[in-house]
Every structure is written in C-alpha cells, then in structure tokens.
Amino acid sequence: MNNVILSPIDKGQLINEIAEAIVNKLSKVSNPAIPEEEFIKIPEVMKLLGRSRTTINNWRKEGFLKEHMINSSVYFKKSEVLNAGRQRNPRKK
C-alpha cells in the first residue's frame, strides 16, 4: 500500500459516495435521454404533406394517419406524419 489518502470521511460513507457516483454514471450511459415526441395539429400536417384537409381526414378514417386525442383535440406525431408522407406517392403537378 504505497498510496495513503487521509480524509475526514469514514470508510462506509466513502464507499457509499463512490457507489452513488458509479450508479449515476452508468444510468446516463445505459439510459440516454430519449427526445420527446412532437405533436402537431391538422393545419401543420396539411403544410408538411402539401395535402388538403379533406385528404388528411380521409387518411385518418383509413387509418393511414394515426391520430392521438389529447383533451378532445386531434394531434399527430410529427415523425409518423413524415413517415406516412414518404409512403404515399407525391402529388402530380
């Protein structure tokens, strides 16, 4: 034992503090922050997909666009809308 550290902390407390530091480090590595999903309303869906409200409503009824009810309002997950837009053929001009 060449290295001797003098500290006012007793052995048990030091062990607990080291254990807490390790747990905190590991929890950050094993559970990276998951970005929160962005919810958007129909007008934003219309802009993103370049489609009319009628088309959006038809896609809701068909189940192509999954709606989420929050406080009796209709919302869509932006990531799901973008995926749905990639699946449909673009509109001909």
Side-chain angles (χ1 to χ4, degrees):
M1 272 182 56
N2 294 341
N3 298 328
V4 176
I5 299 173
L6 299 176
S7 173
I9 300 173
D10 71 353
K11 183 180 174 182
Q13 186 180 358
L14 180 60
I15 290 170
N16 286 338
E17 288 186 22
I18 292 171
E20 285 178 27
I22 291 170
V23 168
N24 286 337
K25 239 355 173 183
L26 289 176
S27 67
K28 289 177 184 174
V29 171
S30 63
N31 296 326
I34 299 170
E36 193 171 310
E37 183 68 50
E38 183 179 355
F39 285 91
I40 58 176
K41 294 188 133 212
I42 290 178
E44 294 169 85
V45 174
M46 293 166 50
K47 280 184 183 178
L48 274 176
L49 299 180
R51 303 295 176 150
S52 69
R53 181 177 287 271
T54 303
T55 301
I56 301 304
N57 286 333
N58 288 338
W59 287 359
R60 284 172 54 201
K61 289 175 192 170
E62 294 169 11
F64 183 69
L65 284 176
K66 184 179 178 196
E67 60 188 48
H68 302 273
M69 297 298 288
I70 302 172
N71 295 332
S72 72
S73 295
V74 177
Y75 290 89
F76 301 87
K77 287 185 178 180
K78 188 173 183 178
S79 61
E80 292 176 352
V81 170
L82 293 173
N83 287 336
R86 289 185 200 108
Q87 291 177 10
R88 290 285 177 163
N89 292 329
R91 160 172 84 162
K92 302 201 178 199
K93 294 181 180 182

*Should Trp59 and Met69 be counted in the same cluster of Ile, Leu, Val, Met, Phe, Trp and Tyr side chains packed under 4.5 Å apart?*
yes
_Side-chain heavy atoms nearer than 4.5 Å, only ILVMFWY residues, links allowed to pass through others: does that put Ile40 and Ile70 together?_
no
_Point-to-point distance, once rounded to the nearest 0.5 Å, from OG1 of Thr55 to CG of Leu49_ = 10.0 Å
*CD-CD1 distance between Glu17 and Ile15, expressed to the nearest 0.5 angstrom*: 11.0 Å
*Interatomic distance, Lys61 atom NZ to Asn57 atom CG [nearest 0.5 angstrom]*: 6.0 Å
*Can you hop from Val74 to Phe64 via hydrophobic side chains spaced under 4.5 Å?*
yes
*asked:* Enumerate the side chain to side chain donor-acceptor pair (under 3.5 Å) contacts for residues 68-78, please, sequence neighbours excluded, ordered by first and then second residue.
replied: His68-Glu80
*Report whether Phe39 and Leu82 are members of the same hydrophobic cluster (ILVMFWY, side-chain heavy atoms less than 4.5 Å apart, transitive linking).*
no
*Do the side chains of Glu67 and Phe76 get nearer than 4.5 Å, heavy atoms only?*
yes
*Nearest 0.5 Å please: distance from the CD1 atom of Ile42 over to the CG atom of Leu65.*
9.5 Å
*State, to 0.1 Å, how close Leu48 and Val81 come at their nearest heavy-atom pair, and which atoms those are.*
CD1-CG1, 4.2 Å
*asked:* Going by side chain to side chain donor-acceptor pair (under 3.5 Å), name the pairs with one or both residues in residues 38-50, residues two or more places apart or in two chains.
replied: none
